[in-house]
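Everything quoted here is computed from the prediction, not taken from an experiment. Order of appearance sets the numbers: ligands from 1, and atoms from 1 within every ligand.
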Amino acid sequence: MTRRKLVAGNWKMNGSRAALSELSAIADAAAGHAGVDVAVAVPATLIAPAAEAVPALSIGAEDVHAADQGAHTGCVSAAMVKEAGARFSIVGHSERRADQGERDADVKAKAEALHRHGLHAIVCVGETLDEREAGRAEAVVTAQVAGSLPQGASGEWCAIAYEPVWAIGTGRTPTADDVATMHGAIRAKLTAMVGAEAAEIRILYGGSVTPDNARELLHVADVDGALVGGASLTAAKFVPIIAAAD
Ligand code: PEP
């Protein structure tokens, strides 16, 4: 088993060219944590300036369309974000599943588009609070994995991010035991789907990761890193999370 930890940021609809200095500071600090892979997904308008300003950092997109080109006003394709300098994209974030009605099949197709263009994919899954309170969290999440995992998924280019919807941006997190249980269930589902390759696929935890809770969450069994929203916007908060993964 050779899984390196990955700490990935998600800037969502935040940031501007003025914020690129944060990425430079993140890249400088990441260089001191060679055991951790660090990446930041930024708004589409910032991919090119970020990739040019901070070539040492893996810059990614927050979403791509499944098609390579066509009549899809307002969308960007995997080929387009690659040309802009992205090395990966998040797909299936719960905010897109909720706001844009994305289904598992859409998420799978987007991840496959990324792979066609030689980009990495972070595939997000996670249950709502209602689903957890109804005792359905594991069933919901493993079904999302089954429906969203791209064809030929391997640890080389695909990671899963487990993000309980109720933990995103709320300051609430699951217990370490709950995270371990869910990551174990995801690993078991991956094993059923892709066999031994499942041991190479990173499973990130996401949802209100902060410098205060990162060390505990990042060292739970089967947690191979973190997907970080709010705390990735500044080096002051993101760098201690990278350090906690090391
Ligand atoms: C996210 O949006 O992927 C996320 C985990 O957000 P936050 O860290 O702000 O909860």
Asn213 side chain to Ser208 backbone, donor-acceptor under 3.5 Å
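Judged by distance alone, yes, a pair lies under 3.5 Å.
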Can you tell me if Asp68 and His117 form a side-chain donor-acceptor pair at under 3.5 Å?
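A donor-acceptor contact under 3.5 Å links the two side chains.
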Presence of salt bridge, Glu112 and Arg116, under 4.0 angstrom
no
What residues come within 4.0 Å of ligand 1, counting heavy atoms only?
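Residue list for ligand 1: Asn10, Lys12, His93, Glu163, Ala167, Ile168, Gly169, Gly206, Gly207, Ser208, Leu227, Val228, Gly229, Gly230.
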Under the salt bridge (charged side-chain N to carboxylate O under 4.0 Å, His left out) rule, what pairs show up with a residue in residues 19-48, not counting sequence neighbours?
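Qualifying pairs: Arg4-Asp37, Asp37-Arg202.
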May I ask you to test the Val64-Ser77 pair for a side-chain heavy-atom distance under 4.5 Å?
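No, their side chains stay 4.5 Å or more apart.
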What I'd like to find out is whether the side chain of Leu6 reaches to under 4.5 Å of the side chain of Phe88, using heavy atoms alone.
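Counting from C-beta outward, Leu6 and Phe88 never come under 4.5 Å.
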